[in-house]
Amino acid sequence: MAFASICLAVAATLSIQPDRRQFFRYEAFNLSCAVSGSFSGWKVMRNASEEFSPCENWGRPNRSSCINRSVYKSDNGLYWCQSERGECSNTLDIRIHIGVVILESPALPVMEGDNVTLRCSYKERYDPNASSDFPAVFYQNGEFFGTGIEGKMILEKVSMSSKGFYKCQHPTKGESLPSWLEVKGKTIFCWTSFCPEKATLMYIQYAADLQKMKFRSDETKPKTGLGLLIPDLG
C-alpha cells in the first residue's frame, strides 16, 4: 500500500490515550484516528528517527486505532493518520523519557477560556505506578511559572498567552522534558444586526463556482444580512 509523502488535505483527527505527550519507558498508549466515513485506506503512521513507518511495524493495529503496549526511547517521534489518497490528520509529538519525571499535559489543542491541568509525575523504572504526591515547580518557556502542591497546577481560563513549552521539576529527582501546550481561539456565529460593533468580522464570500471560498477580515461591519464568524469576546 503506497502513501503520499505530503499531506494534500486534513481530513481526520488523531487522539491518544492516556491524553498526554510524555510517557515513561514501558508504558502503553493507544492512538485513535477519527475520520468521516470508512477507515478503509487509512493507516496510523509515524516518523521516528527519520524513518516513516505504519502501525504494523511498531504497534498493534485495531481498526482505526494503533496500540503500543510497551514504549521505548526509539518510539520518540511524530505520529499521524494518512490515507492512500494523500489525506492526513493532525500530528502528535510523542516523547518517551528515560528519566523518572514526566509532565502530563493535553496532547491536543485546548480551547481559549478552558481550565487546563498540568501534572508532574515521578516513577522509578520498576515501580508499578507513578506518583504526584510532592510539591512540583512548573516552568513556561524556561521561566519559573509557579509551584503546585500534589504535583499539580491548574491553568484557569487559558488565553493565547498560555501557549508555550511547559516542564516540571521534582524536588530531588530531576525535571521532565518540555511539552508544547497549544491554545485555539474560540469563534462564535452571529448575524450582522447582532454582532459587536468593534469586533474584527470574518465572513465568507462564495465564489462564482460555489466551490471555492474566500476569507476576508474587515474592521467595519458589513451592512448585509450575512452570517459572520467573529472572535469570542467572552
Hey, can you pull the donor-acceptor pairs under 3.5 Å for the side chains in residues 98-110, sequence neighbours left out?
{"residue": "E104", "atom": "OE2", "partner": "S121", "partner atom": "OG", "Å": "2.6"}

- Give the intermediate values and the outcome of salt bridge (charged side-chain N to carboxylate O under 4.0 Å, His left out) for residues R69 and E27. CA-CA 7 Å; R69 297 189 180 278; E27 286 192 305; over 6 Å; no
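- Residue L78 qualifies as enclosed at atom CG: its count of foreign heavy atoms under 6.0 Å is above 12.
- Taking CE of M45 as the start and CD of Q82 as the end, the distance is 5.5 Å to the nearest 0.5 Å.
- Between atom CZ of residue R21 and atom CG of residue D93 there is a gap of 6.5 Å, rounded to the nearest 0.5 Å.
- Between R125 and Y26 there is a side-chain heavy-atom pair separated by less than 4.5 Å.
- The CD atom of E112 sits 9.0 Å away from the OG atom of S161 when rounded to the nearest 0.5 Å.
- Cluster annotation: F134 is not connected to L118 through the hydrophobic network of ILVMFWY side chains, with a link wherever side-chain heavy atoms come within less than 4.5 Å.
- You'll find the side chain of F29 reaches within 4.5 Å of the side chain of V71, heavy atoms only.
- Within the model, atoms OG of S131 and NE2 of H170 stand 7.0 Å from one another, a figure rounded to the nearest 0.5 Å.
- K73 and D75 are not joined by a salt bridge, as no carboxylate oxygen comes within less than 4.0 angstrom of a charged side-chain nitrogen.
- Ring centroids of F23 and Y72 are separated by 6.0 Å or more, keeping the two rings apart.
- In this structure a side-chain-to-backbone donor-acceptor pair under 3.5 Å is missing from W80 to R46.
- A salt bridge links E182 and K163; the closest N-O separation between the charged side-chain nitrogens and carboxylate oxygens is under 4.0 Å.
- Checking Q22 against S179 by side-chain atom types alone, a donor-acceptor pair falls below 3.5 Å.
- Less than 2.5 angstrom separates the SG atom of C66 from that of C55.
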- Go through the steps for T13 and N90 under the test side-chain contact (heavy atoms from CB on, under 4.5 Å), then give the verdict. CA-CA 6 Å; T13 300; N90 56 300; 3.9 Å; yes
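- Cluster membership for Y122 and F138, using ILVMFWY side-chain heavy atoms within less than 4.5 angstrom, is not shared.
- Across E175 and H97, no two heavy atoms sit closer than the pair O-NE2, 3.5 Å.
- For CG of N115, the number of neighbouring non-hydrogen atoms (other residues, nucleotides, ligands) closer than 6.0 Å is greater than 12.
- Considering only heavy atoms from C-beta on, L31 comes within 4.5 Å of L92 through its side chain.
- Taking the six-membered ring where the residue is Trp, the centroids of Y166 and F145 are separated by under 6.0 Å.
- E143 CD: 12 or fewer foreign heavy atoms inside a 6.0 Å radius.
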- For side-chain contact (heavy atoms from CB on, under 4.5 Å), just list the numbers for I96 and R25, CA-CA rounded to whole Å, side-chain angles, deciding distance to a tenth of an Å, and then say yes or no. CA-CA 6 Å; I96 314 304; R25 286 175 295 177; 4.2 Å; yes
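- For the pair V35 and A12, the tightest heavy-atom approach, listed with the atom from each and the gap, is CG1-CB, 3.4 Å.
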- Passes side-chain contact (heavy atoms from CB on, under 4.5 Å), I16 versus N30? Steps please. CA-CA 6 Å; I16 187 170; N30 184 16; over 6 Å; no
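- Salt-bridge annotation for R85 and E87: present, with a side-chain N of the basic residue lying under 4.0 Å from a carboxylate O of the acidic one.
- Side chains of S32 and S65: a donor on one and an acceptor on the other come within 3.5 Å.
- Not counting sequence neighbours, R119 has no partner by the side-chain hydrogen bond (donor to acceptor under 3.5 Å, both in side chains) test.
- Between L181 and L155, some side-chain heavy-atom pair lies under the 4.5 Å cut-off.
- Side-chain contact between S132 and E150 is absent, with no heavy-atom pair separated by less than 4.5 Å.
- Two residues are said to be in side-chain contact when any heavy atoms from C-beta on lie closer than 4.5 Å; D19 and Q17 meet this criterion.
- When hydrophobic clusters are built by joining Ile, Leu, Val, Met, Phe, Trp and Tyr residues whose side-chain heavy atoms come closer than 4.5 Å, directly or via intermediates, L14 is grouped together with W58.
- Using modelled atom types, no side-chain atom of N68 and backbone atom of A28 make a donor-acceptor pair closer than 3.5 Å.
- Residue T117 holds its OG1 atom at 4.5 Å from CD1 of I154, rounded to the nearest 0.5 Å.
- Side-chain contact between Y139 and C168 is absent, with no heavy-atom pair separated by less than 4.5 Å.
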